[in-house]
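Okay, so here's the structure we're looking at.
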Protein chains: 2
Amino acid sequence: MVSIKDIAKKAGVSISTVSYALNGSSKVTDETSSRILAIARELNYVPNAAARTLKKRESRILGVFLTDFKGDVYGELLDGMKEVCNSQGYDLIVCSGKQSHRMLPERMIDGAVILDHTFSSEELLKYAERNHKIVVLDRELEHPNINQVLLDNKAGATLATEYLVEQGHKKIYVVSGPEGSYDSTQRMKAVKMVADRAEDVDWIEIQGDFKKSGGEKAAEQIMQEYTEPVAVFCLNDEMAIGLCNRIADTEFKIGEHVHLIGFDNIELTRYMQPRLATIDYSKRKWGALASEQLIKIISGEKVDHERIYVTLVRGGSVGTETKRSISRPN
Amino acid sequence: MVSIKDIAKKAGVSISTVSYALNGSSKVTDETSSRILAIARELNYVPNAAARTLKKRESRILGVFLTDFKGDVYGELLDGMKEVCNSQGYDLIVCSGKQSHRMLPERMIDGAVILDHTFSSEELLKYAERNHKIVVLDRELEHPNINQVLLDNKAGATLATEYLVEQGHKKIYVVSGPEGSYDSTQRMKAVKMVADRAEDVDWIEIQGDFKKSGGEKAAEQIMQEYTEPVAVFCLNDEMAIGLCNRIADTEFKIGEHVHLIGFDNIELTRYMQPRLATIDYSKRKWGALASEQLIKIISGEKVDHERIYVTLVRGGSVGTETKRSISRPN
DNA sequence: TTGTAAGCGTTATCAA
DNA sequence: TTGATAACGCTTACAA
C-alpha cells in the first residue's frame with residue numbers, strides 16, 4: 001500500500017509537504033506541488049479514508065437507516081438524499097439492520113437520517129446526547145442535535161377521510177400500521193377527528209402492519225362482515241395493494257362494493273385498475289430536505305423542524321355511495 | 001470523546017490491558033477484565049471505527065454499488081446480501097453514484113458487489129489489480145480478485161422466446177436494454193438464436209433502456225406499425241410495464257393484439273391484469289450468493305464463478321396466435 | 001498477567 | 001516555502 005511516506009521519499013521532501021500538496025495548499029510552490037502530484041499519480045497513490053477520518057474526526061459520509069430495503073417509497077427518497085449530499089461534498093450510504101447501528105456511535109458516519117423503527121427513541125437520544133447529529137423522519141424527538149422532517153400525516157389523513165365522507169360513505173374501515181408506528185398513530189388521530197365530526201359516519205379500525213399481508217387480512221375481515229358497500233382507508237398504499245389483490249380473487253369490485261383509498265402514492269398505484277386514490281407527497285423532496293437539515297446541523301447551524309406537505313389524488317377506487325343498488329356479490 | 005486511554009487511567013492499568021479486556025482476550029484476569037468492562041460501560045465508551053480500521057487494515061464492511069436506488073429488483077437482492085453479511089460478521093452498506101466509488105480504493109470497505117454500469121470494467125480491473133476484492137453481477141470479468149455471479153440470461157431469453165414461438169407467434173418485437181448492457185446483449189443473442197432457428201419467425205429489435213419510458217416508446221412504434229397481432233419480448237419487466245401502461249390508453253389489448261413477456265418477475269407483475277408472463281429467478285439468492293462469494297475471496301478462498309438459474313412464468317399477457325379473427329382496433 | 005512501545009496513514013502545529 | 005514531530009485511537013509484538 002502506497003502512502004504519503006512513499007511519495008515523500010521518492011520526491012525527496014517531507015511527508016507534510018506531500019500532504020499539503022495533495023490537499024492543494026498554497027503553502028507549497030507550484031513546482032514542487034506538481035512534481036509531488038505527478039509522483040503520486042505514478043505510484044497510484046490513494047488516500048486512506050480511515051487515517052483521514054481518524055485524524056480529522058469526520059468522514060464526510062452520511063448514513064440513512066431503513067427498516068428494510070423493500071419499500072417502494074425508498075427509491076426517490078434516497079435519490080433526493082443522494083443528490084443533496086453529493087452536491088455538498090458528502091457521500092451517502094444506506095444501512096439496514098441492528099448491526100449497522102454502530103456506524104453512528106463509532107463515528108464511521110458524520111450523521112444519520114432515521115426512517116427505521118428498530119432504533120428506539122432512547123437509543124437516538126443517547127446518541128444525540130453524545131453529540132451525534134440526527135434527522136428523524138419517523139417520529140417526534142426533541143433535542144438540539146436532532147431535527148425532524150415529518151410528513152404532514154394529519155393533513156393527509158384528513159384529506160383522505162373527508163374525501164370518503166364527501167363521496168357519501170357512511171361506514172369506513174381504517175387499516176392501521178403496526179403498533180407504535182408514529183405515522184399510523186398520527187393518521188389515525190386525524191381519521192377519528194374527521195369521522196367523529198361527520199354525521200352518521202361509523203369507522204372501524206383494523207390493525208394492519210403497513211405490508212401487503214395486512215391489507216390481505218383486512219380484505220378477509222371486510223368481506224366477512226359485508227352487508228353493503230363500504231369505504232376503506234388503508235394507511236399506506238402497500239396495504240391497499242394487498243387488499244385489492246385479495247379482493248381481485250372474488251366477485252367484489254373495488255370502487256363499487258369496496259371504496260378504497262391509500263397513502264403514499266407509490267408508483268404502482270398508477271398502474272392499478274381502477275386507479276387507487278391516495279395521498280401524494282414528494283419523496284424526493286423529503287429526502288433532499290432531510291439531507292439538507294442534517295448537513296446544516298452538522299455545520300453547527302440551528303434549524304427548525306420541517307414538514308412535508310401532501311395532496312389528495314383522486315382515483316376510480318373510490319366511487320360515490322350507491323348502496324341501494326348494490327347487493328352482496330356471490 | 002472517551003477512548004481506551006481514559007478507561008486505562010480510571011482503571012489504573014495500561015491501554016493494552018484495556019484493549020485486551022475489551023476484545024475478550026484470555027490474557028487478562030477475569031477480575032481486571034470485568035473491572036475494565038464496568039468502567040468502559042460507565043464512561044459510555046464506544047470504540048472508534050476509523051482507528052480500528054486503520055490499525056487492522058480491515059473494516060468488516062462490505063459495499064454494494066447500484067446505478068440508482070429505484071429498481072424494483074433491489075429490495076430482495078439487498079436483503080439476501082444483508083442476511084449473509086451479517087451472519088458472517090460483516091456490515092453491508094449500499095452506495096450509488098460516481099462519488100462513492102472511492103469507498104473501495106480508499107479502503108473504507110473490505111470488498112464490493114457491483115451492479116452498476118457506471119463502473120467501467122477498466123476501473124474494476126484497476127482496483128482488482130491493487131488487491132481489492134470484487135464480485136460483479138453485471139458483466140464478465142476475469143481476474144483472481146474478481147468473482148462473477150451472473151443470471152443465466154441465455155436460458156431466460158431462450159425460455160421466453162420459445163414460449164412465444166410455441167404459442168404460434170410469428171412476429172416478435174424485442175425491446176432491448178441500453179447500449180452496452182451485458183444482460184441485454186446476452187438476452188438478445190439468445191433471442192436471435194431461437195428465432196432464427198424457428199420457421200417463419202420474424203424478429204424486430206427496438207432499442208430500449210430498461211426503464212418504463214423505453215417500454216412506452218416501444219408501444220408507440222408497435223401500434224404505429226400494427227397490422228395483425230404481434231408478440232413482444234421486453235428484456236425486463238419494467239419496460240413491459242411501461243408498454244402496458246401506454247397501451248392501456250388505447251383499444252389494443254394485451255394478450256390479444258399484443259402478446260407480451262418480460263424478464264425479472266418483479267413483484268408488480270403479479271398485480272397486472274392480465275398477469276405478465278416473465279422470467280423468474282431468486283433475487284434473494286442472487287444477493288446471498290454474491291455476498292458469500294465476496295466473503296470467500298476476502299478470506300483468501302478460491303472460488304468459481306456462479307450462475308443464477310431462471311424459470312419461465314406463464315401469464316395471460318401471452319395468448320395463442322389467433323390473428324385471423326383479430327383486426328386492428330379503433 | 002500486565003506494561004511498554006511501535007506503528008497504522010493522515011493532518012496540523014511549530015520551528016527552521 | 002519546507003521539515004520535524006506530535007497526535008488521532010487502536011492493536012499487538014515483546015518485555016517485564
Side-chain angles (χ1 to χ4, degrees), chain A residues 1-37 39-40 43-61 102-110 130-132, chain B residues 1-37 39-40 43-61 102-110 130-132:
Chain A
M1 193 184 177
V2 26
S3 75
I4 53 171
K5 223 183 263 179
D6 303 299
I7 301 175
K9 199 181 295 173
K10 185 141 187 176
V13 296
S14 74
I15 58 163
S16 47
T17 306
V18 174
S19 177
Y20 286 134
L22 255 20
N23 290 301
S25 164
S26 54
K27 307 176 117 191
V28 57
T29 49
D30 285 356
E31 193 199 355
T32 39
S33 179
S34 61
R35 188 160 51 89
I36 288 169
L37 259 30
I39 291 173
L43 295 181
N44 284 322
Y45 168 76
V46 179
N48 181 298
R52 190 189 337 102
T53 300
L54 175 59
K55 181 64 194 179
K56 301 197 70 172
R57 303 161 139 277
E58 67 166 19
S59 63
R60 301 295 290 183
I61 298 174
R102 64 184 181 90
M103 299 264 179
L104 186 62
E106 293 191 359
R107 311 192 104 87
M108 189 98 284
I109 56 179
D110 292 347
R130 293 181 198 161
N131 209 30
H132 291 108
Chain B
M1 194 185 178
V2 25
S3 76
I4 53 170
K5 221 184 266 179
D6 303 300
I7 302 175
K9 199 180 296 172
K10 185 141 187 177
V13 297
S14 76
I15 58 164
S16 53
T17 306
V18 174
S19 177
Y20 287 134
L22 253 22
N23 290 302
S25 164
S26 54
K27 308 176 117 190
V28 56
T29 48
D30 285 356
E31 193 199 354
T32 38
S33 180
S34 61
R35 189 160 51 89
I36 288 169
L37 259 30
I39 292 173
L43 295 181
N44 285 321
Y45 169 75
V46 179
N48 181 298
R52 187 184 347 95
T53 299
L54 176 59
K55 181 65 196 181
K56 300 197 72 170
R57 301 163 141 276
E58 67 165 18
S59 64
R60 302 295 290 183
I61 298 174
R102 65 184 181 89
M103 298 263 179
L104 186 62
E106 293 192 359
R107 311 192 103 86
M108 189 99 282
I109 56 178
D110 293 346
R130 294 182 197 162
N131 208 31
H132 291 108

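Throughout, protein chains are lettered first and strands after them, A, B, ... in sequence-line order, and every chain is numbered starting at 1.
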Problem set entry | Intermediate values then yes/no, side chain to side chain donor-acceptor pair (under 3.5 Å), A/Ser16 and A/Ser19 | CA-CA 5 Å; A/Ser16 47; A/Ser19 177; over 6 Å; no
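- The CZ-P distance, from A/Arg35 to D/dT1, rounds to 15 Å in whole Å.
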For this session: Classify every nucleotide of nucleotides 3-11 of chain D by which part a protein heavy atom approaches to under 4.0 Å, writing B for the base, S for the sugar-phosphate alone and - for neither, in 5'-to-3' order.
Result: BBB-BBBBB
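- Of all the heavy atoms in B/Ile109 and B/Ser59, the pair that sits closest is CA-OG, 3.5 Å.
- Atoms CD (B/Glu106) and P (C/dT11) sit 10 Å apart, rounded to a whole Å.
- Distance check, rounded to the nearest 0.5 Å: CD1 of A/Ile7 to OG1 of A/Thr17 gives 12.0 Å.
- Within the 4.0 Å cut-off from OP1 or OP2 of C/dC8, not a single side-chain nitrogen or oxygen of B/Thr53 is found.
- Taking atom CG on A/Asp30 and atom P on D/dT1, their separation rounds to 9 Å, with Å as the unit.
- Nearest heavy atoms, B/Arg107 versus B/Thr53: O-CG2, 4.1 Å.
- Residues B/Arg60 and B/Asp110 come closest through the heavy atom pair N-OD2, 2.7 Å.
- Inter-residue side-chain proximity for B/Ile61 and B/Met103 is flagged as unmet; no heavy-atom pair is nearer than 4.5 Å.
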